[in-house]
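A quick write-up on the structure given underneath.
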Amino acid sequence: MSQRQLEPLDVDAIREEFPILEREFDGQQVVYLDNAATTQTPDPVVDAMSDYYREYNANVHRGIHHLSQEASIAYEEAHDRVAEFIGASGREEVVFTKNTTEAENLVAYSWGLNELGPGDEVVLTEMEHHASLVTWQQIGKRTGADVKYIQITEEGRLDMDHAREIITDDTAMVSAVHVSNTLGTVNPVSELVDIAHDHDALAFIDGAQAVPNRPVDVEAIDADFYAFSGHKMAGPTGIGVLYGKQELLEEMQPYLYGGGMIRKVTFEDSTWDELPWKFEPGTPQIAEAVGLVAAIDWLEEIGMDRIEAHEEELARYAYEQLDAEPDVEIYGPEPGPERGGLVGFNLESVHAHDLASIMNDHAVAIRAGDHCTQPLHDKLGVAASARASFYVYNTKEEIDKLVEAIDDARQLFA
């Protein structure tokens, strides 16, 4: 079934689960269009976390009393639920982190420092988030490995011919965003993974902008590692997920050390617990894991296909409205399956930060800046851009308010 045939979302009913969307500033109801940074959190997620704190708050894996047992079961089963959601084989392949950035660092330090050296290459894309770009850049400096970049086309897509040229037998890791947080580009990650594997390289996919709004099957993609964050998918802050193929995670050394990740400790040495616990030292994000499960349940009740279709529709509408403005420059591909639910743009003669400030006067929340993609903005020839990003609770009427605020900014700077 194509996306256009899917039953549309009942956005009014969805919005009722987000009291924050009823807030007003200077008599104007908030229009929240900063979802690529952080989505809002529905009542069922907040309630699930409150239930944890009110009913079975305890540390996990350390007590034999009832509360600890209940908390431990909930925390362990959260790994199972996430594995099911993304198509992983089991909890052994799901490591909880603070966010996507920590997941990137975990692999870079646990795998990269031990496996990379002079003559090896790490291949990224020119649209990488700093979470990937800065991390692998610094690992390259420490190990002597070279970091190279797949170019983008004028339309904001990956140049796949250049990808095939730059990924060679010297490549050890290919790390790429699934969906660009600046351009909205949906990258052909399965194809990238295949190219990497053809050269015996591993592939890491940053799914922070993909998992929240489209069906993702990590085994179908065949990524060796895949990461995403809870706070971008209607879940809580402070929890992210690293998926890794079990055989790779078993071979890797821990990134952090302490209690909870050990099997045996002596004054001379230590051995590590089984997966995934060997990568989760200390008291973990128990309440956040409970909240993440509630978010997954909430999203799946709506339907990931329908969420993707809704975002694509909003992005198309926003693109068309902004494209009709002669002094607005839009970045990234035209609307369609190759574009996610965000639009990056600039208004001629108005700095993105000034535009965002005027938007705020209209109670319209957008993002302005380099969006943690400074090299990409250098490539585009701009210091900053404005970004409107959409989620399940947004409407076309809110996009109209965005356009009205742009008209106000134009008049102020005329």
Quiz item: Using 4.0 Å as the upper bound for N to carboxylate O, is an ion pair formed by E126 and K148?
Solution: no
Self-check item: Ion pair check, R214 and E311, cut-off under 4.0 Å
Solution: no
Side-chain atoms of residues 352-368: list all donor-acceptor pairs with protein atoms under 3.5 Å, sequence neighbours left out, distances to 0.1 Å.
| unit_1 | atom_1 | unit_2 | atom_2 | d |
| --- | --- | --- | --- | --- |
| H362 | NE2 | D408 | OD2 | 2.8 |

Self-check item: Parallel, tilted or perpendicular: ring planes of Y226 versus H178, cut at 30 and 60 degrees
Solution: perpendicular
Exercise. Look up atom CD in E280 and atom CE in M261, then write down how far apart they are to the nearest 0.5 Å.
Key: 11.0 Å
Quiz item: Out of curiosity, L124 CG to D206 CG, how far, rounded to the nearest 0.5 Å?
Solution: 11.0 Å
Self-check item: Salt-bridge present (D161, R164; N to O < 4.0 Å)
Solution: yes
Quiz item: With no hydrogens and no angle check, is any side-chain donor or acceptor of Y391 less than 3.5 Å from a backbone partner on P212?
Solution: yes
Exercise. Scan E219, K245, Q246 and name whichever one has a side chain to side chain donor-acceptor pair (under 3.5 Å) with S89.
Key: E219
Self-check item: Check against side-chain hydrogen bond (donor to acceptor under 3.5 Å, both in side chains), H377 and S385
Solution: CA-CA 8 Å; H377 277 75; S385 63; 2.9 Å; yes
Exercise. Verify the ring-centre separation between F18 and W298: is it less than 6.0 angstrom?
Key: yes
Quiz item: If you draw a 6.0 Å radius around NE2 in H65, do more than 12 non-hydrogen atoms from other residues or ligands fall strictly inside?
Solution: yes
Quiz prompt | Carboxylate-amine/guanidinium contact R157 E338, below 4.0 Å | solution = yes
Quiz item: Between N187 and V189, is there a donor-acceptor pair closer than 3.5 Å when you use the side chain of the first and the backbone of the second?
Solution: no
